[in-house]
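Below you'll find the structure, written out as structure tokens, and then a few comments.
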Amino acid sequence: MKLLNELSNWYFSRKALPYWCVLLVDCVVVAISGYVSFYITHSGDVFASSFWPLTRGLLLLILIFILPFRLFHTYSGILRYSSFVDLQRLSMAILIGSAATCAVNLLFGDLLSGIGILILDWKSLTVLFCIVSLALWLERVLVKTVFDVFRQNAATQPVFIYGVREGGAAIAKSIRNDATVKYSLKGFVSPDDSMKDAYLLGVPVYQDDEKLVEIMKEKGVKAFFVSPLQTVHFREREDLVNALIDAGIHILMYPEAEEWDGHTIMRRLKEVDIEDVLPRNKIEVDLEAIGLLLKGKTILITGAAGSIGSEMVRQVALFQPKAMILIDQAETPMHDIRRMMAGSFPDVEAVTLVSSITKKERMESLFQKYRPDYVFHAAAYKHVPMMEDNPVEAIQNNVYGTRVIADLAVRYGTRKFVMISTDKAVNPTNVMGCSKRICEIYCQSLNAAIAAGKVEGVTQFVTTRFGNVLGSNGSVIPIFREQIAKGGPVTVTHPDIVRFFMLIPEACRLVLEAGTMGRGGEIFVFDMGKPVRIVDLAKRMISLSGATDVQIVFSGLRDGEKLYEEVLSDAEKTAPTCHPKIKVAKVREYEYAEACANEERLFEACRTFDDMAIVKVMKEIVPEFKSKNSKYEILDINEDVDE
């Protein structure tokens, strides 16, 4: 028994037996099949009297069969992974070997018998074909079965696969065919009723219903693989996702950003993070139209080292622009962007500039030298509590910086200016959101002035609004992840606070799409999907981490924060576009002269460094700006009293 275990461990720890071993076994099978077929078609006495001539004939038969074995490489395959294709090739080799033997028998039969070599006759060759085919097939099936049984009994982890089509089958085959994979397949899960009570690859197919997780528990399943073709549908099954997480079952999914390759699927499956299971729909964009817009053009991106800006850099670079002018005031992140461009896009000229967009002379020198065709304006201060305490900087960077870049774009003939705004600009409750609304007002009024001939220029201004992006610098998910790693507590501001979330790449693709379809003056609003309760997000992240003792504490709403973000205010209407995820907001429009005068008043207030005076002017420019959880609420009270 010990020897048997050592032999099995030796064999199953190897990638495969040497090809000559497989060939030798196949030749032995052919010889034995020859003896059996001759015995069946002749009497025992004839078999005994012809044994040695037959033996010499079978040696010749083996030599003949080696040629088709070589032609079809029947011995090169790994027996434990034999497939139907391997059996087909084996059958062709046997058929050709039998036909060649018939030809030798026909042409040289008398000569060979004269020297004591007995070649099988027609009847024996027919039986030989059947027997050797069955024997060689059984040889491979037996090895495969033993291998599967051995692995099933080894220290493997039971798994279910979500999806029964090509993607699910590819995962199943990878599990069974890769000796390095320590999983054993216990079942498939079908999202519909089309395969109810069916079996696939020898294991049952279960329905995606309320009993599923209990069945998995009974079978000791600890891993759940999601087929690449079922990723979107699986995310929509929030109750199943939550049940799996609560049961401690690890969910593994295929990275959506990568092209599905069935041959490498197991190596790329990864355990999900919170970003992977948040419900959202797949976003498609017109890559061809975007490519026509950007290829061979000079593109300027502000805030190029930030979360959105850096992803914009990566996505724009894919379309082979002539040059990219990248601006950010953060030195180390810009160094990372420079290295990324040099390594990933060496053929694209990339100018990386460490500077603030508020330095008008520096920005003008760039526009004068490179004359960008398109500007993607992502630079902004975005953290609500920080800007609530620093309204001067919010106005200086967000409002004045936007005006500098917008005016230079017009002066130097930029074709299109795409400004990235925020859902916090809708009915703003904080300084940051209001500062972005003022930026929207200026860009839209400048576009209208150009269209009316009041300002000379060709630039089209397009604004995009969306909410929180997953994984951005300083966003809630990285903060929660850090708190969980430290053992907690996880701090949530309020039990009822909700937010919309979108992946950074998805948001940037929609920005590019909006930039393509925009004709100037539009404020495009992105469909952010379903809102997510932040406390539920925290609970999911804790469960996914495997932690059992991390507590959630409520810290109270921060300055300027509201329970929910609006995508559009009640006073606004939207119009559809050709993209189902993008709508056009109809907002109150300002005359360009009025927008300029308002900003001049705001800049004058900033020179006083008086927070109350600055915010007072902001509220006059944007009447819907009502502060929440902020010291500036007193201004709203005074305004109500004055009225």
Side-chain angles (χ1 to χ4, degrees), residues 293 299-303 306 308-309 312 357 374-382 394 397-410 414-428 432-451 455 457 459-469 500 502 507-528 565-569 571-577 579 581-592 595-596 598-599 621-622 624-625:
L293 185 79
I299 315 295
L300 186 146
I301 300 176
T302 68
I308 293 293
M312 290 296 300
I357 57 174
Y374 297 92
V375 171
F376 291 94
H377 180 46
Y381 286 148
K382 64 178 183 179
N397 189 76
N398 294 1
V399 179
Y400 179 70
T402 297
R403 182 167 179 173
V404 167
I405 302 299
D407 289 347
L408 290 172
V410 174
T414 296
R415 300 184 191 183
K416 190 167 291 186
F417 182 105
V418 181
M419 189 189 85
I420 297 173
S421 187
T422 171
D423 56 355
K424 294 176 177 63
V426 183
N427 287 335
M432 192 283 287
C434 185
S435 71
K436 295 297 286 184
R437 176 65 189 127
I438 294 171
C439 294
E440 293 179 355
I441 291 169
Y442 185 78
C443 289
Q444 195 173 36
S445 65
L446 179 53
N447 187 89
I450 293 172
V455 173
T459 309
Q460 297 174 333
F461 286 85
V462 174
T463 297
T464 61
R465 280 181 184 171
F466 52 89
N468 303 278
V469 288
F500 293 92
M502 181 178 285
C508 291
R509 282 196 289 270
L510 287 178
V511 169
L512 292 174
E513 178 86 347
T516 303
M517 69 173 65
R519 295 293 175 263
E522 303 98 336
I523 294 179
F524 289 110
V525 180
F526 297 167
D527 179 0
M528 298 291 292
E565 304 291 357
E566 300 165 89
V567 177
L568 292 171
S569 67
E572 294 174 346
K573 297 180 181 180
T574 61
T577 69
H579 195 291
K581 288 286 184 179
I582 304 176
K583 292 180 172 58
V584 179
K586 299 297 183 182
V587 299
R588 172 189 171 187
E589 296 185 3
Y590 291 70
E591 287 292 329
Y592 177 61
C596 290
N598 283 338
E599 288 199 356
I621 298 172
V622 183
E624 63 269 26
F625 172 25

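The first residue in the sequence is number 1, and the count goes up from there.
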Task: Shortest non-hydrogen separation from C443 to T402 and the atoms involved - done: SG-CG2, 4.0 Å
Open item on the list: Please tell me whether Y442 and D407 have a donor and an acceptor in their side chains that are separated by less than 3.5 angstrom.
Closed with: yes
- [ ] Answer yes or no: is there a side-chain heavy-atom contact under 4.5 Å between V462 and F417?
- [x] no
Task: Non-hydrogen side-chain atoms of F376 and V511 separated by less than 4.5 Å - done: yes
Open item on the list: Please give me the minimum heavy-atom distance between S435 and A394, naming the atom from each residue.
Closed with: CB-O, 4.1 Å
Task: Exercise: identify the closest heavy-atom pair between L293 and T516 - done: CD2-OG1, 3.8 Å
Open item on the list: Do F461 and L446 make a side-chain contact, defined as non-hydrogen atoms from C-beta onward lying under 4.5 Å apart?
Closed with: yes
Open item on the list: Under the side chain to side chain contact (heavy atoms under 4.5 Å, CB included) test against H377, which residue among I357, I420, V418 passes?
Closed with: I357
Open item on the list: Between T422 and K424 (side chain of the first, backbone of the second, donor and acceptor by atom type, cut-off under 3.5 Å), is there such a pair?
Closed with: yes
Open item on the list: Just verifying a value: how many Å separate Y374 OH and I301 CD1, rounded to the nearest 0.5 Å?
Closed with: 13.5 Å
Open item on the list: Within this structure, what is the CD1-CG distance for the pair I438 and N398, rounded to the nearest 0.5 Å?
Closed with: 9.5 Å
Task: Point-to-point distance, once rounded to the nearest 0.5 Å, from CG of N447 to CZ of R519 - done: 12.0 Å
- [ ] Please check if the side chain of K416 supplies one atom and the backbone of V375 the other of a donor-acceptor pair under 3.5 Å.
- [x] no
Open item on the list: Using 0.5 Å steps for rounding, measure from the CD atom of E599 to the CD1 atom of I441.
Closed with: 8.5 Å
Open item on the list: To check you understand the geometry: which heavy-atom pair defines the closest contact between A378 and I308, and what is its length?
Closed with: CB-CG2, 4.5 Å
Task: Side-chain donor-acceptor contact under 3.5 Å, E440 with S421 - done: yes
Task: Min side-chain heavy-atom separation V587-Q444 under 4.5 Å - done: yes
Open item on the list: For a quick test of reading the model, state the closest non-hydrogen atom pair linking A449 to Y592 and the distance between them.
Closed with: CB-CB, 3.7 Å
TODO: Apply side chain to side chain contact (heavy atoms under 4.5 Å, CB included) to I450 and V410, showing your working.
DONE: CA-CA 9 Å; I450 293 172; V410 174; 3.8 Å; yes
Open item on the list: How long is the straight-line distance from OG1 of T463 back to CZ of R465, given to the nearest 0.5 Å?
Closed with: 8.0 Å
Open item on the list: Quick one, E589 and S445 - any side-chain contact, counting heavy atoms below 4.5 Å?
Closed with: no
- [ ] Specify the closest pair of heavy atoms between T464 and A514, including all atoms of both residues, with the distance to one decimal.
- [x] CG2-CB, 3.8 Å
Task: Straight-line distance of K436 NZ to M419 CE, nearest 0.5 Å - done: 5.0 Å
